[in-house]
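Worksheet: the structure to be examined is printed underneath.
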Protein chains: 2
Amino acid sequence: MTPPAIRVVLADDERMVRTALRAILSAEPGLEVVGEAATGAEAVSVVRELRPDIVLMDVRMPEVDGIRATEQILATLDEPPRVVVVTTFENDSYVYDALRAGAAGFLLKRADADALVQAVRLVARTDSLLFPSAVRALAAEHARRAPAPPAWVSRLTGRESEVLRHLAEGLTNAEIARRMDVGPATVKSHVAAVLAKTGTRDRTQAVIAAYEAGFLNAR
Amino acid sequence: MTPPAIRVVLADDERMVRTALRAILSAEPGLEVVGEAATGAEAVSVVRELRPDIVLMDVRMPEVDGIRATEQILATLDEPPRVVVVTTFENDSYVYDALRAGAAGFLLKRADADALVQAVRLVARTDSLLFPSAVRALAAEHARRAPAPPAWVSRLTGRESEVLRHLAEGLTNAEIARRMDVGPATVKSHVAAVLAKTGTRDRTQAVIAAYEAGFLNAR
DNA sequence: CGGCGGCTCCCCCGTCCGGCGGAGGCGGAT
DNA sequence: ATCCGCCTCCGCCGGACGGGGGAGCCGCCG
């Protein structure tokens, strides 16, 4: 006796993509595409009705995006399906959001058919295991989450950077002077330079700029 | 003609674990365990010599941990193997480090044999795709990475919270007063209260405290 | 009804800060 | 040899800030 088929719902706003996915998955024994959706909202209702085992969810969709749809599905259903988020990737930082939304997997559209099938089977079967280079890209991306370190960062001289770090510790000029073993006047100069280069008007704004720029994480 | 077997190296400091993994993997057609290592350093040299397709790498190992070993392997070899990091999980934030090190996959020790095999095959074959609830746990963990919002957060009154947010925008008291449509004196009072409750001495330190506490993300 | 906490505002005072306009030294690039 | 960037300091000034000590008003709760 064959085990019950893995029931899959496809959510993607492009018909061609759905067709392609359906073709690939339907050709597989043990896999059954039971429904499709073209928007996030539709995905939610379709899933609610059909109760599939797996949802292949595109990130970019009209009305409600894939991430929100995933959230809603996982939040409102008792035994939610495993949601696999699908993306073209490229400039996507969606990966992280997908994770947070509770996605069970992540799939690149350029993955070959074989990998796709394998992935679906895997996700359907287990709640444990592995992830991919896609996520590595995420990690990098996340590290890059200050991808455009504002120009001023590179313009700060060594001393100015030191001063800014100390500012971000909440030190007064006098304290910074002691720590850096220079006169208070010098610190004032450096602070002034930092303010000018960061385009801020006082130490508080400079500290904010430092935080926002991820300046404090850069080692 | 059968395709060449996927060549696997096991790196784990516990012999029993290696034995178990070997037993599982060797039983699979198309998989071949070609080597073992008990330390990170050993793993690096074994991999260098045997050039496997896949390395199952324990995180916790003597001398050099799995993360570093992974880094070294990926950095020093031309065609490095896919490294799958293995962990017992539990309190691990290793996941993230593993990612950064360039691991191609992540595997829980409690994964069943079937999933393990599947995972190895998958990683061997593709460079694309998916990851697991293990990573979801990571995401949660990462989100929880400010698990103890300092006590003062809850003590701030509504107005004080508003003021703190405005401070974190780099506004002066006068500007805050205008935005909140109150007198400057009132803002001074609130600021004083914020400083007292946050245990800081000036607005800059208060802003730092707000950032460190994740106060600004809390909606 | 009497606290009590939160919000609003007041004055005074000393300090810190940031803007302005310098200046000297030093090392590397031109 | 000269210039330029960086680091080091100086004085002066006005305004912003933070501390201290109030005060009146409201709404809630016992």
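A note on names: the letters A, B, ... follow the listed sequences, proteins ahead of strands, and every chain is numbered from 1. Here the structure is a predicted model, which is why all the values come from computation and not from measurement.
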Let me have the donor-acceptor pairs involving side chains of residues 176-192 of chain B, under 3.5 Å, with sequence neighbours excluded, atom names and distances please.
from, atom 1, to, atom 2, distance (Å)
B:Arg179, NH1, B:Glu169, OE1, 3.0
B:Ser189, OG, B:Ala185, O, 3.3

Exercise. Mind checking whether A:Thr204 and B:Leu167 have side chains closer than 4.5 Å, heavy atoms only?
Worked result: no

For this session: Flag the pair A:Glu162 and A:Arg165 as a salt bridge only when some basic side-chain nitrogen lies within less than 4.0 angstrom of an acidic carboxylate oxygen.
Result: no

Seminar exercise, completed: When the rotation axes relating C1' atoms of four end pairs to the next four are compared across the helix from C:dC1-D:dG30 to C:dT30-D:dA1, five pairs an end, they differ to 10° by 40°

Exercise. Closest heavy-atom contact between B:Leu50 and B:Gly35?
Worked result: CD1-CA, 3.8 Å

Problem set entry | Qualifying residues under side-chain hydrogen bond (donor to acceptor under 3.5 Å, both in side chains), relative to B:Arg201, sequence neighbours excluded | A:Glu175

Exercise. What integer distance in Å separates A:Leu167:CG from C:dG18:C1'?
Worked result: 12 Å

Exercise. Per the side chain to side chain contact (heavy atoms under 4.5 Å, CB included) rule, which among B:Thr70, B:Val120, B:Leu56 passes with B:Val84?
Worked result: B:Leu56

Problem set entry | For A:Leu164 against A:Ala206, the heavy-atom pair lying closest together | CD1-O, 3.9 Å

Exercise. What do the steps show when you test A:Val207 against B:Tyr211 for side-chain contact (heavy atoms from CB on, under 4.5 Å), and what is the final call?
Worked result: CA-CA 10 Å; A:Val207 169; B:Tyr211 268 97; 5.9 Å; no

Seminar exercise, completed: DNA chain C nearest-nucleotide lookup for B:Gly183 and B:Arg155: closer to the 5′ end is B:Arg155

What are the atom names and distances for every N/O pair under 3.5 Å that joins the protein to nucleotides 11-13 of chain D?
none

Exercise. Heavy atoms, side chains only, cut-off 4.5 Å: are B:Thr39 and B:Asp13 in contact?
Worked result: no

Exercise. Quick one: B:His190 NE2 to D:dC17 P, roughly how many Å, whole number?
Worked result: 16 Å

For this session: Under 4.0 Å from any atom of DNA chain C, heavy atoms only: list the residues of residues 172-180 of chain A that qualify, in numerical order.
Result: A:Thr172, A:Asn173

Problem set entry | Listed nucleotide nearest any side-chain atom of B:Thr186, set D:dC7, D:dT8, C:dC9 | C:dC9

Between the protein and nucleotides 21-28 of chain C, which nitrogen or oxygen pairs are less than 3.5 angstrom apart?
none

Exercise. Which residues in residues 193-208 of chain A have at least one heavy atom lying under 4.0 Å from any atom of DNA chain C?
Worked result: A:Leu195, A:Arg201, A:Asp202, A:Arg203

For this session: Over all heavy atoms of both residues, which pair between B:Trp152 and B:Ala209 is shortest? Give the atoms and the distance, please.
Result: CZ2-O, 3.7 Å

Exercise. Excluding sequence neighbours, so at least two apart, what forms side-chain hydrogen bond (donor to acceptor under 3.5 Å, both in side chains) with B:Glu36?
Worked result: B:Arg18, B:Arg22

For this session: Under the side-chain contact (heavy atoms from CB on, under 4.5 Å) rule, collect the residues that match up with B:Ala69, sequence neighbours excluded.
Result: B:Val44, B:Met57, B:Val64

Problem set entry | Set of side-chain hydrogen bond (donor to acceptor under 3.5 Å, both in side chains) partners for A:Asp202, sequence neighbours left out | none

For this session: Rounded off to whole Å, could you give me the CG-to-C1' distance for the B:Leu156 and C:dG6 pair?
Result: 13 Å

For this session: Quick one: list whatever passes side-chain contact (heavy atoms from CB on, under 4.5 Å) with B:Ser45, sequence neighbours left out.
Result: none

Exercise. Mind checking what makes side-chain hydrogen bond (donor to acceptor under 3.5 Å, both in side chains) contact with A:Lys197, not counting sequence neighbours?
Worked result: A:Glu160

